[in-house]
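Working notes, beginning with the structure itself.
Below, each value reflects all heavy atoms present in this structure, side chains not excepted, and no hydrogens, waters or symmetry copies. Just so we're clear, the structure is a prediction, and the values are computed from it rather than from any experiment. Just follow the structure's listing: the first ligand is 1, and inside any ligand the first atom is 1.
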Amino acid sequence: MRLEILKDEEAMSRRAAEVIARAVREKPDLVLGLATGGTPVGTYRELVRLYREGRIDFARVTTFNLDEYVGLEPHDPRSYHAYMEEHLFRHVNLRPEATHLPDGWAEDLEAECRRYEALIEAAGGIDLQLLGIGRDGHIGFNEPGARWEQGTRVVRLKPETRQDNARYFGGVLEAVPERAISMGIRTIMHARRLLLLAAGPHKAEIVRRAIEGPVSRHVPASILQLHPDALVLLDECAASQLTRARALARRQEQASG
Ligand code: GLP
């Protein structure tokens, strides 16, 4: 796992967009895994800027999002479908048929999970997966205790996660769906590269547990320690509780000039 600590959230977002843009330049038909939440908003803003400047071309890129709530229509402004339209899709030249999110409105949710997993496989697997981290260590919507061998599936959200996401639902906890469809840990770990972002002091403790703690099902993000090509980008606040990893990041930085 490689770690870079950037001075603030804006610098982290710029760096993340740069990593993605370089991956697209190297492989124009990149299969890109996308994430939602507050953290990647700045990264999408940067990607839109790079696109407008002609420095990234999404014409041949395919995308797969990590997750979607169950029971929200795709046009519901609180859905991750709507989030992606607002922050990225409508601003760049991604082909609509090349963008994918699980359908949380599907009648047969189990069939939808199988369909999504098969679509990823048919696309040749994910080349680069963007990730955020929940305060309880979840990635996608894989909550603590999630089994590592699982693919895309229906998950039940923990109260803490629903509370954190209530801000998108007018602050009303009861309005936050109790279930979601999420890529599983196995799906995520099969991606050839992972790019995890975390910013802000409220992420410092979970970042420390994920990066410096033992690899454990109680902290789903800790599995990134076992991925052969994972890059973690943190701002100073999110990195503030790191000890060993921080020293390592500094040494890596010095070594690379
Ligand atoms: C949601 C998403 C996760 C995301 C997490 C953290 O639960 N399903 O993919 O990483 O929120 O969100 P934020 O970036 O807003 O802290």
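- Using a non-hydrogen distance threshold of 4.0 Å, R167 registers as a contact of ligand 1.
- Under 4.0 angstrom from ligand 1, the non-hydrogen atoms of N165 all belong to its side chain.
- Among all protein heavy atoms, the one lying closest to atom 12 (O) of ligand 1 is G37 CA, 4.0 Å.
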Stepwise ring-ring contact (aromatic ring centres under 6.0 Å, His included) test for Y83 and Y168: CA-CA 10 Å; Y83 170 106; Y168 298 111; 7.2 Å; no

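- Taking a 6.0 Å sphere around CZ of R78, one finds it holds more than 12 heavy atoms contributed by other residues, nucleotides or ligands.
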Criterion side-chain hydrogen bond (donor to acceptor under 3.5 Å, both in side chains) on E117 and T152, from CA distance to verdict: CA-CA 6 Å; E117 196 72 27; T152 300; 2.6 Å; yes

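- Polar contact with ligand 1: absent for T161 (N/O pair, distance under 3.5 Å).
- Annotation: atom 5 (C) of ligand 1 to nearest protein heavy atom, H138 NE2, 3.6 Å.
- With a 4.0 Å heavy-atom cut-off, ligand 1 is reached by the side chain of D67 but not by its N, CA, C or O.
- A heavy-atom separation below 4.0 Å is found between K203 and ligand 1.
- With W148 as the fixed residue, the side-chain contact (heavy atoms from CB on, under 4.5 Å) test singles out one of M189, R217, R186: R217.
- Heavy-atom proximity to G132, at under 4.0 Å, picks out these atoms of ligand 1: 10 (O).
- Which of Y80, Y168, Y83 comes nearest to atom 1 (C) of ligand 1 through a heavy atom is settled by distance: it is Y80.
- With respect to atom 6 (C) of ligand 1, the closest heavy atom belonging to the protein is I133 O, 3.6 Å.
- Salt-bridge formation is detected for the pair K27/D127: a Lys NZ or Arg NE/NH1/NH2 atom is positioned less than 4.0 Å from an Asp or Glu carboxylate oxygen.
- A salt bridge links E149 with R147: at least one charged nitrogen is closer than 4.0 Å to a carboxylate oxygen.
- E73 and S79 are not linked by any side-chain donor-acceptor pair at a separation below 3.5 angstrom, with hydrogens and angles left out of the test.
- In summary, the aromatic rings of Y69 and F169 are positioned with their centroids under 6.0 Å apart.
- Atoms of ligand 1 lying under 4.0 Å from any heavy atom of F141, numbered from 1 in the order shown and given with element: 1 (C), 7 (O), 8 (N).
- Looking at E110 and R114, no side-chain N of the basic residue comes within less than 4.0 Å of a carboxylate O on the acidic one, giving no salt bridge.
- Considering backbone and side-chain N/O of H202, none are found under 3.5 Å from N/O of ligand 1.
- Considering backbone and side-chain N/O of T36, none are found under 3.5 Å from N/O of ligand 1.
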Verdict with reasoning, D229 to R2, per salt bridge (Lys or Arg N to Asp or Glu O under 4.0 Å): CA-CA 8 Å; D229 193 351; R2 283 173 304 129; 3.5 Å; yes

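- Scanning the protein for heavy atoms near atom 15 (O) of ligand 1, the closest one is G38 N, 2.7 Å.
- Side-chain atoms of N93 and R60 form no donor-acceptor pair, as typed in the model, at a separation below 3.5 Å.
- From the protein, the heavy atom lying nearest to atom 9 (O) of ligand 1 is G140 O, 3.6 Å.
- Among all protein heavy atoms, the one lying closest to atom 14 (O) of ligand 1 is T39 OG1, 2.4 Å.
- Of the polar atoms of A35, none of the N or O atoms is found under 3.5 Å from an N or O of ligand 1, judged by distance alone.
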